[in-house]
Amino acid sequence: MSEEIAPQNLRLTKLEANKIKIVFSDIPYKPYGDQSYIKQLRILAYKHFPDRLLTTLEDLKGNSSSYCIFDNLPIDDVFGSPTGDVDSINFKNGYLSENIILAFASIVAEPYSIHFEGKKIVNDLTPHPESTNEYTGLGSKVELDFHIENAAQVYDSRGDTSPLALFLLGLRSDPDVIGPKTYVADSREALKRMTAADIKLLSEKKFIIRQPYRWRSHDSENRDTVLHSVLSGPMDQPRVTIAFYPDMVIPVSKEAKTAYDNFYEHLYDVAIGVDIQPGRLVFVNNRFTLHSREKFTPTFDKDGMPYRWVQRVFVTDSLWSFRSFHKQGERIFDPGFSTVK
Ligand SMILES: [Fe+2]
């Protein structure tokens with residue numbers, strides 16, 4: 001693993017950041033992602049974002065960038081952090097960060113949320129005391145090892161609902177503690193180091209791909225006996241459907257297990273660590289770039305609120321993908337077997 005390198009970085013100047021702050025500070029946040037709200041953000045972004053930023057975001061649509069880091073984004077003044085589905089406005093002085101992350105996401109593709117992962121279109125990720133051992137964005141004491149987000153959803157019989165990409169925006173961090181780092185690993189770089197035999201094995205239907213933990217209780221479809229490949233497409237733009245945290249992907253032969261282990265080692269070697277500090281936005285391509293978050297000990301402010309606060313937005317090519325899901329808001333989808341309200 002190495003520390004972040006810069007080619008994909010774009011740092012806003014003070015002037016650019018101030019201009020964006022003025023334009024996006026007073027837009028009312030619509031937590032269900034109403035179409036009129038997303039349209040408003042797109043219009044303002046195309047009108048007021050600097051040209052070099054628009055070019056970078058438009059280029060991400062080409063789907064050949066692994067990740068991209070944007071720095072010096074304007075965010076709200078933050079004085080706490082939410083747990084559960086509490087309104088973020090109780091912990092900061094506006095909805096600037098929601099408007100900014102959604103404006104970026106809306107240029108690249110269609111933002112959305114899955115109801116049981118976040119009831120609002122912008123998900124608040126903070127370490128929950130009751131979720132420390134969970135393999136989710138709310139956990140902390142387990143490493144959230146390399147994964148493609150919702151890899152199993154690529155093979156959902158109702159259509160592919162794995163996100164195209166995710167955006168992560170830092171809002172708050174402990175001033176005295178470094179990390180935790182988020183790692184991104186470009187599978188194309190890992191595959192260059194692998195043998196043709198191992199690549200062939202990854203491309204064969206020799207793997208059970210299980211649903212993420214939260215999805216299992218929300219979906220009646222049991223696909224744990226169906227075999228899939230974890231790699232497809234051309235090697236310069238592959239589709240990867242793998243997750244390396246426990247009990248997620250099960251290779252069904254010794255050779256497949258060896259290829260799986262070798263892939264992990266090479267991903268680990270090429271991974272780049274990113275510290276998602278306040279004002280930093282990270283785009284992660286979910287087609288072929290895996291991400292992970294190291295385990296950490298959460299720290300809390302004097303009011304007992306966790307210091308770490310990252311906001312997340314998923315994007316998809318088209319909302320058509322979710323046509324079989326129930327809507328809990330214009331862009332909030334539920335697989336349809338949920339009892340959670
Ligand atoms: Fe993730």
Side-chain angles (χ1 to χ4, degrees), residues 1 4 65-69 101 104-105 108-109 111-128 131-156 160-171 179-187 190 209-216 218-219 230 239-249 263-264 267-268 270-276 280-296 298 308-316 333 335:
M1 291 201 191
E4 64 201 55
S65 297
S66 172
Y67 72 100
C68 191
I69 298 173
I101 191 172
F104 276 63
V108 175
Y112 74 95
S113 181
I114 296 296
H115 187 247
F116 55 81
E117 304 211 59
K119 293 188 173 90
K120 292 168 286 182
I121 191 163
V122 176
N123 308 154
D124 292 305
L125 306 182
T126 56
H128 283 202
S131 309
T132 51
N133 292 314
E134 272 184 24
Y135 286 99
T136 72
L138 309 181
S140 54
K141 287 198 170 156
V142 290
E143 181 173 10
L144 201 48
D145 218 329
F146 289 110
H147 60 282
I148 289 290
E149 198 75 29
N150 295 345
Q153 289 310 112
V154 171
Y155 298 110
D156 192 309
D160 176 357
T161 53
S162 177
L164 169 71
L166 50 148
F167 288 82
L168 300 165
L169 173 60
L171 284 199
K181 286 229 170 80
T182 296
Y183 287 87
V184 289
D186 186 338
S187 64
I209 306 172
R210 302 200 66 205
Q211 288 183 302
Y213 294 98
R214 283 193 185 171
W215 284 73
R216 292 177 197 171
H218 292 266
D219 197 339
V230 291
R239 186 79 192 266
V240 176
T241 50
I242 203 163
F244 288 97
Y245 50 91
D247 196 29
M248 287 296 294
V249 171
F263 193 23
Y264 179 83
L267 285 165
Y268 187 90
V270 302
I272 289 160
V274 182
D275 192 1
I276 307 181
R280 167 169 278 189
L281 176 67
V282 185
F283 159 91
V284 183
N285 184 323
N286 196 49
R287 297 292 195 235
F288 51 75
T289 299
L290 292 88
H291 61 282
S292 74
R293 193 222 56 230
E294 62 191 354
K295 63 182 170 190
F296 66 106
R308 181 178 161 85
W309 183 5
V310 169
Q311 289 189 319
R312 176 185 66 191
V313 166
F314 294 130
V315 293
T316 182
F333 301 105

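Nothing here was measured: the structure is a model prediction, and the numbers come from that model. Numbers here are sequence positions counted from 1. Whatever order the structure lists ligands and atoms in, that order sets their numbers, starting from 1.
Distance check, rounded to the nearest 0.5 Å: NZ of Lys295 to CG of Leu144 gives 12.5 Å.
Judged purely by atom type and a 3.5 angstrom limit, Ser162 has no side-chain atom pairing as donor or acceptor with the backbone of Val154.
In this structure, Tyr245 and His147 have perpendicular ring planes: the angle between them is above 60°, well past the 30° mark.
Under 3.5 Å, the side chains of Asn123 and Gln311 contain no donor-acceptor pair of N or O atoms.
Neighbours of the Fe ion (ligand 1) restricted to protein N, O or S atoms under 2.8 Å: the count is 3.
With a 4.5 Å cut-off on side-chain heavy atoms, Val284 and Leu166 count as touching.
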Q: Under the side-chain contact (heavy atoms from CB on, under 4.5 Å) rule, what do Val274 and Ile69 come out as? Steps first, then yes or no, please.
A: CA-CA 9 Å; Val274 182; Ile69 298 173; 3.9 Å; yes
